[in-house]
Amino acid sequence: MWTALVLVAVSSVLIYYFARSPNKYWKKYGVYQLNSSLADMFYTIIGKKSMMDTDLVKYKLLEENGQKYGGFVDISGPSIIVRDLDILKKIMIKDFDHFVDRRPFFNSKHEPILQKTLVSLLGDEWKGVRQSLTQTFTTGKIRRMMTIFNDVANQWVDHFKEEIQKGSKDSIEIEAQKETTQLTVENIMSAVFGLNAGVIRDPKSVFARNAHEITNFTFIRVIKFGISFNFPWLVDLLGFEVFDRKSMRFFEQIMSQGLQARMSGEIKRNDFMQLIAEARRGELKDDDELNDFEKDAQIKGGPGTKKNYLNDDTIAYGQLLGFFFAGFSTSSNVVSLAAYALAVHQDVQEKLREEVDSKLFKDGDTKKDIDYDELNGLVYMDMFLSEVLRKWPPLGRLERKCVKDYHDQESGLQMPKGTLIAIPISSLHNDPQYYEYPDKFYPEHFTANVKLKEILLLICPLETVCPRNCIGMRFAVVQIKSALAHLVHRFHIETAPSTLVPVQSREVGFGIQAPDNLKLKLRLRQK
Ligand code: HEM
């Protein structure tokens, strides 16, 4: 039966695809036509080619032909790729009302909690939920989580030190991806679910196993995800789930018990479950003056109701689980690639250590915790992290969906409702018109520079002001900087014999990741 269903599905996709005359579709809108290749589409679905590869080819073609944007049709429908920053600004900020949605990451009716995560929600429901959550990610709330980031980072570096001492050596070789995943899972488990999961000390714990199960992107899961992302109707028709059902239930139970305990006042803790409980009770205090970033990112014209979306259990669980999904692998990849870059670029590591030692650890080793404001005041750390995110943005392509017909008089850009907009982050970040040495790892790209600032405002995750930007970026930045500061303060990071130089990365789907099996060496500092 499965074979028959798949054949019917594949043939209807092909009929649908060719019925749109893919290589002529955009002519009637006056949009420069780019040709699509069915082979490319197939390879991206099965994870053999990344979206960044196909975007770069289109980006270069547009550049060669002096075009600011171009249209194509792929299996998910008509799409436009834009390489002009002014047009991108309109799409992402000024005319945002035409481009509220993105293609949902989690699509299936069979996974209702995931369908309700912020990344996947659409239209007014997204606006309502995002408005209810804005107060949970303010500077004040993240500042209060600094104890969590310090505790977890200390556990992390202590565990490396113990391993070194056990072997009576002065260094160890680590599997970078495994160690950074444990770090970010521990942080998120604690900050989101209020659990001391013990993943760093006991990688086989029940939490570690379930976190691994739910997040492990096996080959089969990549294919299932590719199908779900591109053909949600096919997933509903075949009735399969992308994620592991048992682990989903495990997290559902944790969220249900945790929220109840916080709603009744039995537990009070500085975590997101607490904030959701307070938002449900209408007690979430506006204890922060919104800064310019937050004001710009506010959503104008919400759903126009006073409905508290978070009262719905599926929506509330969706947000908590969504923070876990959106936050742990993005952050762990950034820490891995940052550590890798530091191992390869020893001069950058020395500069960073000099700043960390002199600004954060003035009392030498007697002080174990980092101060939130001092951490955020580190200038070189900021330049370094911005360069890591430029070179290896965890999401190399962003998307928006046009929700009502659009015609921009100034640029002539015209498209019907339903068009997918591809925002080629990775191509823009490697364009020599914006970065002096795009191929080089060069934190000095991020000193004051007007042109650079303009591109940063749009596409650098640290700076973006779009209403649908990364809601967790401030959380991510603090946990990443905190882990890196503790790491360089206690260890020298070096390449292992198997580490490839220069830094290599792996592209999968939309994502840019650290290579599998990346090994690095940590050498205890002599003080
Ligand atoms: C270095 C780590 C991270 C990076 C690079 C990153 C990057 C991004 C990017 C590029 C987007 C899409 C923005 C857009 O479409 O304009 C996004 C969305 C999102 N991120 Fe992050 N993220 C990180 C960490 C986190 C963390 C730790 C959390 C939660 C605690 C989080 C929660 C989210 C959510 C919920 C969305 C969807 C926002 C919406 O649709 O309204 N992210 N992130």
Side-chain angles (χ1 to χ4, degrees), residues 88-89 91-93 96 99-106 114 116-123 125-134 136-137 141-142 145 148-149 180 183-185 187-193 271-273 275-276 297-299 309 315 318-338 385-386 388-401 420-426 428-429 457-484 510-514:
L88 277 176
K89 258 188 246 170
I91 289 173
M92 296 177 89
I93 305 170
F96 176 70
F99 303 99
V100 177
D101 294 342
R102 63 168 77 89
R103 184 164 35 159
F105 272 76
F106 306 111
L114 291 175
K116 294 292 181 194
T117 54
L118 200 61
V119 263
S120 288
L121 283 175
L122 306 175
E125 198 174 21
W126 169 77
K127 285 186 184 172
V129 175
R130 176 97 190 200
Q131 274 171 342
S132 329
L133 287 173
T134 303
T136 59
F137 278 95
K141 308 283 189 318
I142 304 298
M145 291 181 183
I148 296 179
F149 302 136
T180 59
L183 166 86
T184 55
V185 167
N187 261 328
I188 294 199
M189 288 284 217
S190 183
V192 175
F193 303 116
D271 56 36
F272 283 110
M273 263 209 240
L275 296 173
I276 300 253
Q298 276 191 318
I299 300 146
Y309 285 83
I315 293 187
Q319 303 328 305
L320 294 164
L321 210 54
F323 298 158
F324 184 72
F325 269 106
F328 99 91
S329 72
T330 40
S331 307
S332 69
N333 271 301
V334 173
V335 180
S336 287
L337 284 159
L385 186 54
S386 299
V388 171
L389 288 167
R390 176 194 76 84
K391 247 341 231 134
W392 308 287
L395 296 179
R397 174 208 250 209
L398 300 184
E399 291 185 346
R400 292 292 183 269
K401 195 118 198 197
L420 190 79
I421 314 295
I423 304 162
I425 299 296
S426 180
L428 286 160
H429 276 327
L457 281 173
L458 253 188
I459 59 166
C460 175
L462 291 189
E463 305 269 351
T464 172
V465 290
C466 322
R468 198 151 191 177
N469 63 2
C470 172
I471 198 170
M473 190 42 65
R474 210 174 283 118
F475 174 99
V477 165
V478 180
Q479 66 153 337
I480 292 168
K481 285 184 178 173
S482 158
L484 291 173
F510 285 35
I512 302 183
Q513 307 175 353

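By convention here, the first residue in the shown sequence is residue 1. Small disclaimer: the values here were computed from a predicted structure and weren't measured. Atoms within each ligand, like the ligands themselves, are counted from 1 in listed order.
The option from L121, V129, I480, I512 that lies nearest to atom 1 (C) of ligand 1, judged by heavy atoms, is I480. In this comparison of R130, R397, K127, the heavy atom closest to atom 39 (C) of ligand 1 sits on R130. Considering only non-hydrogen atoms, atom 23 (C) of ligand 1 lies nearest to T330 out of I471, D101, T330. When F325, F323, F510 are ranked by how near their heavy atoms come to atom 30 (C) of ligand 1, first place goes to F323.
Using a non-hydrogen distance threshold of 4.0 Å, P394 registers as a contact of ligand 1. For W126, the closest heavy-atom approach to ligand 1 falls below 4.0 Å. Between S331 and ligand 1 there is a heavy-atom distance shorter than 4.0 Å. Proximity of R400 to ligand 1 is established by a heavy-atom distance of less than 4.0 Å.
For V334, every heavy-atom contact with ligand 1 shorter than 4.0 Å involves the side chain, none the backbone.
For K391, the side-chain contact (heavy atoms from CB on, under 4.5 Å) partners two or more places apart in sequence, or in a different chain, are F441. Partners of F323 according to the ring pair (Phe, Tyr, Trp, His ring centres under 6.0 Å) rule, which considers only residues two or more places apart in sequence or in another chain, are F137, F272.
The side-chain heavy atoms of W392 and N333, taken from C-beta on, include no pair separated by under 4.5 Å.
In this structure, E399 does not pair ionically with R102, as no charged nitrogen and carboxylate oxygen lie closer than 4.0 Å.
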